[in-house]
Amino acid sequence: MKKVYVTRRIPQKALDLIEAECRLEVNPHDRVLSSEELAAAVGDAEGLLCLLTDHIDASLLDQAPRLKVVANCAVGYDNIDVQACTERKVAVSNTPGVLTETTADMAWALLMAAARRVVEADRYVREGKFKAWEPMLFLGEEVNNKVLGLVGMGRIAAAMARRAAGFNMTVFYYDATRKSPEEEQDLGVEYRNLEDLLQEADYISLHVPLNDQTRHMIGERELKLMKDTAYLVNTSRGPVIDEAALVRALKNNKPAGAALDVYEHEPELAPGLAELENVTLAPHIASATVQTRTRMAVMAAENLLAGLKGEKMPNLVNKELEL
Ligand code: GLV
């Protein structure tokens with residue numbers, strides 16, 4: 001039986017699928033493995049089911065000569081050196097589609113929480129400060145009828161545009177690849193270049209994958225372009241924002257606020273970030289519902305098993321290997 005290593009306990013349904021066909025080993029610790037521990041664990045494995053907290057690089061692959069498949073239990077796969085995998089004929093898969101609506105729900109929750117100061121207000125009530133209704137208490141910003149700027153126009157951004165329609169918002173998007181006029185019309189979105197989008201949007205939500213083009217896409221210059229009243233939401237990957245620059249900008253309330261689910265040096269926060277009142281912080285949980293995490297794990301397991309059997313992997317990333 002082929003050995004499959006799973007780097008963290010994941011929903012049982014996925015583990016059962018793997019165990020029915022393979023020799024399954026799961027990281028017994030309730031923490032991320034060090035690179036040495038991971039290398040030792042996959043040294044004799046044919047399959048690896050990993051998470052975005054695992055770094056799959058050339059050095060690890062060289063210590064795992066039998067490895068055929070790396071199934072990432074995430075839609076983003078910037079934690080994997082795909083080229084190094086391709087060079088070694090190791091198939092890589094991800095989990096697109098199954099977390100789209102869930103992630104958009106969370107991005108929307110963060111947007112609303114930031115605009116209406118929900119977390120600050122919660123703290124205020126818990127601290128016993130709520131004495132009476134007040135005409136000027138916790139005034140936030142409108143969301144309805146405002147302008148939403150989507151950076152990236154993939155599946156999750158499209159789900160954001162659908163939500164924005166219910167709030168009567170105008171939706172602009174920027175993407176390296178422009179959609180056709182028909183697609184734009186279907187999505188209810190208008191194209192803007194990045195500068196114009198940053199200058200015109202009241203809410204800016206990031207939905208790009210992390211790569212060399214998107215790393216620090218939002219830095220000091222871009223933050224300065226935003227309206228003073230704008231809010232920035234990030235549920236994509238932390239390094240898309242220069243987080244130190246964001247802290248400096250938020251200290252001056254320009255832009256007005258941010259809501260983040262991801263961080264540049266996760267799980268570390270940029271110095272000063274946690275001290276700011278105008279930022280809402282979540283611990284990378286945009287896809288974290290029982291249903292979605294189960295779907296993601298099952299999808300990763302199915303890809304893994306297909307790859308190990310030499311069958312077509314439904315969500316193969318390095319498609320060159322299919323030829
Ligand atoms: C989560 O961040 C994912 O990429 O699935």
Side-chain angles (χ1 to χ4, degrees), residues 6-11 13-15 27 31-33 48-57 69-82 85 91-111 150-160 163 175 205-218 232-241 243 258-269 280-304 313-318:
V6 179
T7 63
R8 205 72 191 267
R9 183 149 289 283
I10 55 170
K13 199 169 162 191
L15 295 178
N27 168 10
R31 60 170 170 79
V32 179
L33 295 177
L48 172 63
L49 193 153
C50 62
L51 308 174
L52 58 90
T53 41
D54 303 309
H55 296 285
I56 313 301
D57 55 16
V69 184
V70 173
N72 208 33
C73 190
V75 64
Y77 48 85
D78 50 281
N79 57 309
I80 301 175
D81 184 339
V82 177
C85 288
V92 176
S93 64
N94 67 338
T95 62
V98 289
L99 46 72
T100 302
E101 301 297 331
T102 315
T103 303
D105 283 349
M106 183 66 184
W108 202 264
L110 286 171
L111 186 157
L150 298 168
V151 178
M153 197 64 237
R155 288 173 292 261
I156 299 170
M160 288 296 279
R163 283 157 183 71
D175 194 287
S205 191
L206 308 180
H207 301 287
V208 288
L210 175 63
N211 55 40
D212 292 342
Q213 284 71 49
T214 60
R215 191 175 298 275
H216 279 198
M217 189 179 195
I218 305 296
L232 175 64
V233 179
N234 192 11
T235 52
S236 63
R237 284 291 181 267
V240 174
I241 300 180
E243 204 171 292
L260 309 174
D261 187 44
V262 289
Y263 304 89
E264 185 166 0
H265 302 290
E266 223 164 283
E268 310 293 327
L269 306 185
T280 304
L281 306 172
H284 204 153
I285 54 169
S287 67
T289 64
V290 175
Q291 298 80 1
T292 291
R293 286 287 167 83
T294 303
R295 280 197 296 263
M296 289 165 70
V298 166
M299 191 174 206
E302 285 170 350
N303 275 283
L304 183 98
M313 289 168 64
N315 310 100
L316 182 68
V317 168
N318 42 0

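Remember, it's 1-based here, ligands and their atoms both numbered in the order they're listed. Worth knowing before you read on, the calculation uses all heavy atoms, side chains too, and leaves out hydrogens, waters and symmetry mates.
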Side chains of D78 and N211: closer than 4.5 Å at any heavy-atom pair?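 In short, these two side chains do not touch, never coming nearer than 4.5 Å.
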
Non-hydrogen side-chain atoms of R215 and R237 separated by less than 4.5 Å: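 They are not in contact (no side-chain heavy atoms under 4.5 Å apart), so the answer is no.
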
Among pairs that include at least one residue of residues 97-110, which meet salt bridge (charged side-chain N to carboxylate O under 4.0 Å, His left out), considering only residues two or more places apart or in two chains?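 Residue pairs passing salt bridge (charged side-chain N to carboxylate O under 4.0 Å, His left out), neighbours aside: E101-R162, E101-R163, D105-R163.
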
Give a yes or no on whether the backbone of [Y] and the side-chain of [X] come within a donor-acceptor separation of less than 3.5 Å.
{"X": "T292", "Y": "L99", "answer": "no"}
{"X": "N318", "Y": "V92", "answer": "yes"}
{"X": "D261", "Y": "T235", "answer": "no"}

Once you restrict both partners to nitrogen or oxygen, which atoms of ligand 1 have a protein partner under 3.5 Å, and how far apart are they?
residue  : atom  : partner : partner atom : Å
ligand 1 : 2 (O) : R237    : NH1          : 2.7
ligand 1 : 2 (O) : R237    : NH2          : 3.4
ligand 1 : 2 (O) : H284    : NE2          : 2.7
ligand 1 : 4 (O) : V75     : N            : 3.3
ligand 1 : 4 (O) : G76     : N            : 2.8
ligand 1 : 4 (O) : R237    : NH2          : 2.7
ligand 1 : 5 (O) : V75     : N            : 2.8

